[in-house]
Amino acid sequence: MNSTDAVVVGGGLAGITAALDLADAGLSVVLLERKGSLGGATYSFRRNGLTFDNGQHVFLRSCTSYRRLLDRLGVGKKVELQDRLEIQVLRPGGRPALLRRSLGPAPLHLVGSLARYSPLTVQDRLSVANAFRAIRRLDPDDHALDAVAFGAWMDSQCQSREAREAVWDLLLRATCNISAEECSLQNATRVVRTGLLDSVDAGDIGWSGVPLAELHGGAAQSALSTAGVEVRSGWEVSSVQGRPAAGSKDRRWLVDGPGGRIASAAVVMSVPHWSLAALVPPATVPPSLDSLGTSPIVNVQVVFDRRVTDVEMAAVVHSPLQWVFDRSRAVGLAEGQCIGVSLSGAEEWLGGRPQTVVSTVLAALGEIFGKVSQARVTDAVVTRERFATFRASAGSGALRPGPRTSAPGLYLSGAWTATGWPATMEGAVLSGHAAASCVVADLSSKGNAELADQSTRAF
Ligand SMILES: Cc1cc2nc3c(=O)[nH]c(=O)nc-3n(C[C@H](O)[C@H](O)[C@H](O)COP(=O)(O)OP(=O)(O)OC[C@H]3O[C@@H](n4cnc5c(N)ncnc54)[C@H](O)[C@@H]3O)c2cc1C
């Protein structure tokens with residue numbers, strides 16, 4: 001049996017962040033990951049000579065913790081970040097519209113764009129502007145907002161059907177992975193205020209220029225090893241149990257898996273919420289987690305034998321497509337074009353054969369990019385992430401636990417914990433920092449420092 005100061009279970013962005021922080025604090029750390037590589041919900045796979053991501057991942061300039069992690073991993077320069085928020089909004093048979101911020105100040109940076117936003121009537125534009133003003137008066141940290149569905153709030157703001165689709169669903173479905181109707185007002189407020197309104201450049205959009213496996217998993221492997229973290233991949237934890245530590249009222253933790261047993265003073269569980277309860281002692285995590293639910297994301301990536309559009313990224317309304325991206329460079333395509341379609345809150349895309357999904361997507365792409373009809377499809381990949389995120393619906397905030405559990409020495413991190421953000425890469429990183437700082441604080445306090453010593457001696 002091995003022993004260590006801290007074990008982190010799960011090598012997604014939350015676990016990577018927690019492990020780095022713990023190592024930085026001078027603790028000996030073992031990171032255990034079920035899969036063969038790190039990166040968790042952000043991964044890539046090879047197919048026909050190209051490298052596809054499981055799904056398009058974007059971030060905002062306001063995702064400062066995530067961007068700092070990228071710098072720490074040495075990959076900050078491998079992402080693109082818009083100089084100025086600019087979203088083309090396409091619709092079949094309609095003129096493209098542009099949501100583009102001006103140079104400020106916030107929130108006036110969006111006024112010009114909204115005033116010219118052609119999918120909406122002038123009256124709708126005014127009503128959306130009023131709703132933005134109303135959101136500015138809401139506090140994303142106000143837990144009372146959690147109980148309210150954004151749909152009900154839109155009713156109270158007299159938002160038309162068109163405004164709901166062409167503004168609110170466009171923004172919130174992709175960021176919260178749930179329809180704007182169902183989204184909690186608190187999540188919506190976080191996204192709209194922190195991600196758009198509170199500062200002029202908050203909403204500038206970024207994405208990876210390289211496969212996610214390189215951006216996160218590969219880079220994290222090296223950074224963790226440089227920091228002295230022992231990473232064990234392909235190590236699926238089967239149980240985590242607390243035992244009284246000899247001569248102390250505290251516990252030590254035993255982490256079991258196919259590779260044996262590891263004893264530790266502290267364990268940070270950085271696994272998805274739906275897999276947590278089976279691993280830890282009953283009653284250490286709140287039963288409310290069962291109700292947090294999950295929400296799927298489906299991505300369809302189509303490789304054409306020629307270029308079909310010059311659009312790099314666009315939102316699409318009046319269409320089954322939600323967001324489209326030119327993925328050619330990221331997948332490593334030399335000729336032709338790879339178009340990725342990202343579908344959030346995608347329950348209706350889970351059933352059906354992949355060929356049917358691809359046909360539907362191709363028909364819809366043909367309606368916005370005329371050249372699709374002349375192009376030949378050389379490959380198409382459908383990735384369905386059924387449990388992509390928790391369901392950010394009304395009431396979800398009350399179900400999300402903080403980093404501490406009822407059992408001293410057992411901690412939680414993950415995008416699903418109470419980060420104040422919807423399930424995002426930023427939330428995952430924030431949660432890793434939060435859990436690690438609790439571990440360090442607890443182990444530094446007198447009693448737990450002894451516990452750390454005893455644990456190390458006992459095993
Ligand atoms: C298709 C898709 C698109 C997305 N798009 C975006 C986006 O555009 N922008 C954005 O910000 N976010 C996006 N997200 C969400 C974002 O990827 C996640 O919120 C974030 O990566 C979650 O990180 P995490 O560390 O909390 O969890 P995870 O990444 O799920 O990590 C948990 C880890 O625990 C491991 N594990 C589980 N059980 C065990 C066990 N028993 N033993 C050992 N290890 C175990 C898993 O293998 C996994 O590696 C998207 C997610 C998906 C799926």
Side-chain angles (χ1 to χ4, degrees), residues 7-19 30-44 52-60 62-63 65-67 69 173-177 191 195 205-208 212 215-217 220 231-240 255-259 267-280 294-301 313 322-323 325 340-346 349 382-390 392 400 412-417 419 421-432 434-435:
V7 169
V8 177
V9 183
L13 293 173
I16 291 166
T17 305
V30 178
L31 171 61
L32 303 173
E33 167 54 45
R34 178 175 65 85
K35 293 197 275 189
S37 54
L38 302 178
T42 65
Y43 65 92
S44 315
F52 294 94
D53 289 341
N54 64 320
Q56 176 71 46
H57 277 68
V58 302
F59 60 92
L60 303 178
S62 47
C63 295
S65 300
Y66 170 68
R67 290 173 52 221
L69 175 69
R173 189 180 277 271
T175 44
C176 298
N177 194 26
V191 167
I205 299 177
W207 57 88
S208 179
L212 291 171
L215 188 74
H216 297 154
V231 177
R232 300 194 196 172
S233 305
W235 218 95
E236 179 164 7
V237 170
S238 54
S239 90
V240 177
V255 181
D256 288 309
V267 177
V268 179
M269 298 301 293
S270 305
V271 299
H273 67 283
W274 42 267
S275 66
L276 179 69
L279 302 177
V280 296
T294 57
S295 185
I297 299 179
V298 171
N299 272 253
V300 185
Q301 296 172 75
M313 172 189 70
Q322 297 172 11
W323 285 79
F325 298 85
V341 173
S342 178
L343 303 160
S344 302
W349 296 88
V382 180
T383 45
R384 302 190 228 221
E385 298 283 358
R386 285 173 187 274
F387 311 122
T389 67
F390 72 87
R400 298 170 71 186
L412 305 176
S413 74
W416 51 272
T417 56
T419 65
W421 281 74
T424 51
M425 300 187 286
E426 175 75 1
V429 173
L430 284 169
S431 76

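Heavy atoms only: backbone and side chains are in, while hydrogens, waters and symmetry mates are out. One-based numbering, in listed order, for ligands and for the atoms of each.
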Asks: Looking only at non-hydrogen atoms, find the nearest pair between Gly39 and Ile16 and report the distance.
Replies: N-CD1, 4.2 Å
Asks: Below a 4.0 angstrom heavy-atom separation, can you tell me which part of Val237, side chain or backbone, both or neither, approaches ligand 1?
Replies: both
Asks: Evaluate Val58 for polar contact with ligand 1, using N/O atom pairs at a separation under 3.5 Å.
Replies: yes
Asks: Quick one: look at Thr424 and ligand 1, take heavy-atom pairs under 4.0 Å, and tell me if it's side chain, backbone, both or neither.
Replies: both
Asks: Look at atom 28 (P) of ligand 1 and find which of Cys63, Ala41, Gly257 reaches it with the closest heavy atom.
Replies: Ala41
Asks: Would you call the rings of Phe390 and His273 parallel, tilted or perpendicular, where under 30° means parallel and over 60° means perpendicular?
Replies: perpendicular
Asks: When only distance counts, is Met425 in polar contact with ligand 1, meaning an N/O pair under 3.5 Å?
Replies: yes
Asks: Using the ring-ring contact (aromatic ring centres under 6.0 Å, His included) rule, take Trp274 and Phe387 through it: C-alpha gap first, then chi angles, then the decisive distance, then the call.
Replies: CA-CA 9 Å; Trp274 42 267; Phe387 311 122; 5.1 Å; yes
Asks: Among Met269, Glu426, Glu385, His57, whose heavy atom sits nearest atom 51 (C) of ligand 1?
Replies: His57
Asks: Nearest 0.5 Å please: distance from the OG atom of Ser431 over to the CZ atom of Arg400.
Replies: 9.0 Å
Asks: Within the structure provided, determine whether Phe52 and Asn299 are in side-chain contact (heavy-atom separation under 4.5 Å).
Replies: no
Asks: Within the structure, does Ala415 bring an N/O atom to less than 3.5 angstrom of an N/O atom in ligand 1?
Replies: yes
Asks: With rounding to the nearest 0.5 Å, note down the distance linking CD in Gln322 to CG in Leu343.
Replies: 5.0 Å
Asks: Distance under 4.0 Å to a non-hydrogen atom of Pro272: what atoms of ligand 1 satisfy this?
Replies: 30 (O), 32 (C), 34 (O), 37 (C)
